[in-house]
Number of protein chains: 2
Amino acid sequence: MKTVTIRDIAKSVNASQATVSRVLSDSDYPVSEAMRDKIKKAAKQMNYTPNLAGRQLKTNTSMTIGIIVPSISNPFYSEVVSGVEEVARQRGYHVLLCNSCQDIELEKNYFRTLLENQVKGVIISSLSKGNEMLAQYSQRGGCVISIDQAQNNSDVFQVNYDYRRGGYIAIQHLLENGHRRIAYVSAPLDRPSRIGIYKGYQDALREYEAPFDEALLCIAEALEGQYYDGKYEFNNGRTLAKRLLSLPPEKRPTAVFACNDLTALGVMYEFQEHGHRVPDDVSIVGFDNVDLAVMTSPPLTTVEHPKSEMGRFACHMLFQVLEGDTGQIQEIMLQPKLVHRQSTQSIPLR
Amino acid sequence: MKTVTIRDIAKSVNASQATVSRVLSDSDYPVSEAMRDKIKKAAKQMNYTPNLAGRQLKTNTSMTIGIIVPSISNPFYSEVVSGVEEVARQRGYHVLLCNSCQDIELEKNYFRTLLENQVKGVIISSLSKGNEMLAQYSQRGGCVISIDQAQNNSDVFQVNYDYRRGGYIAIQHLLENGHRRIAYVSAPLDRPSRIGIYKGYQDALREYEAPFDEALLCIAEALEGQYYDGKYEFNNGRTLAKRLLSLPPEKRPTAVFACNDLTALGVMYEFQEHGHRVPDDVSIVGFDNVDLAVMTSPPLTTVEHPKSEMGRFACHMLFQVLEGDTGQIQEIMLQPKLVHRQSTQSIPLR
DNA sequence: CTGTTAGCGCTTTCAA
DNA sequence: TTGAAAGCGCTAACAG
């Protein structure tokens, strides 16, 4: 079955390829109404499907953008991707999905691929350090938007989130509810987001002149090749909670703040397992506000992270740059918000 | 900055474009070692990046496959996608992500797009009924693999999962632990998977000659435009659990089986909220074995669904077909397995 | 082993 | 308002 091309249509209506192209590619080049109709009708009737490779070759563009994330099955990234896809679709663009598995070689390959496919823009999140392909990509005219991670490359635009402040308001909430012994439970501080949250924790304690107790600081050791999926976070929460539970009663925290919701869940699980009630005996605050956070008992107090909104933002920004509107670009810092549910409670006065 | 093409390289090493192409596209056409080296070196040195549009136009192929799912932010589909992406990557293919939002118009558009981009294969899951573009796509030589949903189109190959049996073994587990009053809680039976699970429930009751009580059958009504995300499932579980809790005590179930884990979570939440202990007062079984299922208290007994494995399978099958190996294709039915955790218990003899 | 040549399907000058 | 012609970067038949 021969595929029908622009030339077949031209022949069938006695027009030139040029005219057909002008009509079918929605060019604003003037073509008479009569001709226009005739061509459109023929195209439809012959079931014409344009071959984008032809156009791409000629115009050196593609209606595709890329997105590189460590793991699409991590709910955090899948939300981001979902936001990106939504606005790309609205603009008639498509998304090439690049699942890097936190493997720098795969990341490099993906950049190469994007280049080869004439993909002019890419959104990245949690890229490995020291990926020289990034520089090469932007140097060749590719446009890059980074989510949640500062890149020391001036060609890369950024969509940020104020993690420090997120940590701050979480602790503020606990402090204002009378808590003084507040533990911090976290995965290794090996990326900017986690470091930011930790800073917020410290800043709040300092500002409110609350005591800082080393024993209440529970940060996991970094392990070679450790992959931070949901199970890791949950188990990490459990493990570190055990540490807290092994303290003598008067040294134990009255509240625990975790670096993300799954870790908070692990902490909650372990405390409940040991007969502690949440929030009566201990308050718990998470981070991210994943869907899950409303489904636990009790529902989790946490800090909102606008995941899909960040994806949408990043994608809008990308199109702004692609359209050459770089002057107008505002780098953005999205703000956190406390979501108060039932895992926290004020300390009753004695 | 001029982009370097095969012709530039040819010039620089005094060879023909043809030879350069043969070397750089890893053709098995014989080229002398010396020439080979010279060309490769030049390519590297000039920082050559092939323009795939050229090749694509010439060869009428693209190294891209598509995947159409209702929602990438649904953990179920993101696992599937993740499996697909993994094997696509191993084969040097890329994945065009199509998030259909259960909107038939979007689905149609995506098929059109795939066709325009010369994407020769697509994996679909939960496609809307009556999408005529599917037929058109396969009729034009596109290859389709369907996950979890029978298509009455003989050109579509399928990767299936035995939902009926999954439902069966869940109930069997409960029956063999002495339960007789077993409730079934489900979202609307508007797709094959849910109907299958329900059949398994019925079959098991019948085979074990357990009584069937209409009052224990809790199936949500279908609502126009209802979108089955995690929150819906959870809330649905809660709502229907309330119905069970409002029964007089002797009429209540001793065990509840839910059509998926999130629904089971909703049921568990509601029972616990009303002071019932799980599993002491009521046993609960979910379906899918999402990551979450180990994180609840108590951890959830559930039925394993190999999500990413199905993605990998589907993708392998796709390549088999793309390579013309259609004779060898075995349509597959993956089997469920019970995952016994702590939300179920045998009924103590009185 | 190497080169010449003719397109793949499309857009876009330029001329009419 | 239309058409002729050139060419985007690549591959593949064919000839040498």
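Letters go in sequence order (proteins before strands), and every chain restarts at 1.
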Asker: Measure across B/Phe76 and B/Asp148 and return the closest heavy-atom pair with its distance rounded to 0.1 Å.
Answerer: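 Result for this residue pair: CZ-OD2, 4.0 Å.
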Asker: Which heavy-atom pair separates A/Arg89 from B/Cys101 by the least distance, and what is that distance?
Answerer: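 Nearest heavy atoms, A/Arg89 then B/Cys101: NH2-SG, 3.7 Å.
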Asker: Give a yes or no on whether A/Arg91 atom CZ has more than 12 heavy-atom contacts from other residues, nucleotides or ligands under 6.0 Å away.
Answerer: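 Correct, the count exceeds 12.
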Asker: Under 4.0 Å from any heavy atom of chain B: name the first and the last nucleotide of DNA chain C that qualifies, 5' to 3'.
Answerer: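 Using the under 4.0 Å cut-off, the span is C/dC1 to C/dG9.
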Asker: Let's see if you get this right: which residues in residues 47-66 of chain B place a heavy atom under 4.0 Å from DNA chain C?
Answerer: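 Hits under 4.0 Å, by residue number: B/Leu57, B/Lys58.
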Asker: Would you say that A/Ile123 contacts A/Ile68 through its side chain, given a criterion of any heavy-atom pair below 4.5 Å between the two side chains?
Answerer: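 Answer no - side chains too far apart.
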Asker: Among B/Ser82, B/Ser71, B/Ser126, B/Ser125, find the one that has a side chain to side chain donor-acceptor pair (under 3.5 Å) with B/Tyr77.
Answerer: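 The residue from B/Ser82, B/Ser71, B/Ser126, B/Ser125 that satisfies side chain to side chain donor-acceptor pair (under 3.5 Å) with B/Tyr77 turns out to be B/Ser126.
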Asker: Should A/Ile67 and A/Leu97 count as side-chain neighbours, where that means a heavy-atom distance under 4.5 Å?
Answerer: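 Yes - at least one pair of side-chain heavy atoms lies under 4.5 Å apart.
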Asker: Roughly what angle, to 10°, lies between the helix axis at the start of the helix from C/dC1-D/dG16 to C/dA16-D/dT1 and the one at its end, five pairs per end?
Answerer: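 About 30° separates the two local helix axes.
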Asker: Could you tell me whether B/Lys108 atom NZ has more than 12 heavy atoms of other residues or ligands within 6.0 Å of it?
Answerer: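 Yes, because the 6.0 Å sphere around NZ of B/Lys108 holds more than 12 heavy atoms from other groups.
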Asker: Does anything in residues 20-35 of chain B come within less than 4.0 Å of DNA chain C? Heavy atoms only, and list the residues if so.
Answerer: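 Residues of residues 20-35 of chain B under 4.0 Å from DNA chain C: B/Arg22, B/Tyr29, B/Pro30, B/Val31, B/Ser32, B/Met35.
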Asker: Mind checking whether B/Tyr110 and B/Val122 have side chains closer than 4.5 Å, heavy atoms only?
Answerer: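 Counting from C-beta outward, B/Tyr110 and B/Val122 never come under 4.5 Å.
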Asker: Any donor-acceptor pair under 3.5 Å linking the side chain of A/Gln102 with the backbone of A/Ser100?
Answerer: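 No, A/Gln102 side chain to A/Ser100 backbone: no donor-acceptor pair under 3.5 Å.
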Asker: Can you check whether A/Thr19 has a side-chain N or O nearer than 4.0 Å to OP1 or OP2 of D/dG3?
Answerer: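 A/Thr19 to D/dG3 OP1/OP2: side-chain N or O found under 4.0 Å.
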Asker: Quiz question: by atom type and distance under 3.5 Å, do the side chains of A/Asn99 and B/Glu86 form a donor-acceptor pair?
Answerer: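 On atom types as modelled, these side chains do not qualify, holding no pair under 3.5 Å.
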Asker: Regarding A/Arg140 and B/Asn47, is there a side-chain donor-to-acceptor distance under 3.5 Å anywhere?
Answerer: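 Judged by distance alone, the side chains do pair up.
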Asker: Considering only distance and modelled atom types, tabulate donor-acceptor pairs under 3.5 Å from the side chains of residues 17-29 of chain A, sequence neighbours left out.
Answerer:
| from | atom 1 | to | atom 2 | distance (Å) |
| --- | --- | --- | --- | --- |
| A/Thr19 | OG1 | A/Ser16 | OG | 3.0 |
| A/Ser25 | OG | A/Ser21 | O | 2.7 |
| A/Ser27 | OG | A/Tyr29 | N | 2.9 |

Asker: Does A/Glu331 reach the main-chain N or O of A/Gln158 with its side chain, forming a donor-acceptor pair under 3.5 Å?
Answerer: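 Indeed, once roles are kept as given, a pair shorter than 3.5 Å links the two residues.
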Asker: Can you find a heavy atom in the side chain of A/Arg112 that is under 4.5 Å from one in the side chain of A/Met133?
Answerer: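 The answer is yes, as the side chains (C-beta and beyond) meet within the 4.5 Å cut-off.
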Asker: Of all the heavy-atom pairs spanning A/His94 and B/Leu96, show the shortest one and how long it is.
Answerer: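 In terms of heavy atoms, the two residues are closest at CB-CD1, 4.1 Å.
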Asker: So which of residues 5-17 of chain A are in contact with DNA chain D, with a heavy-atom cut-off of under 4.0 Å?
Answerer: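 Residues of residues 5-17 of chain A under 4.0 Å from DNA chain D: A/Asn14, A/Ala15, A/Ser16.
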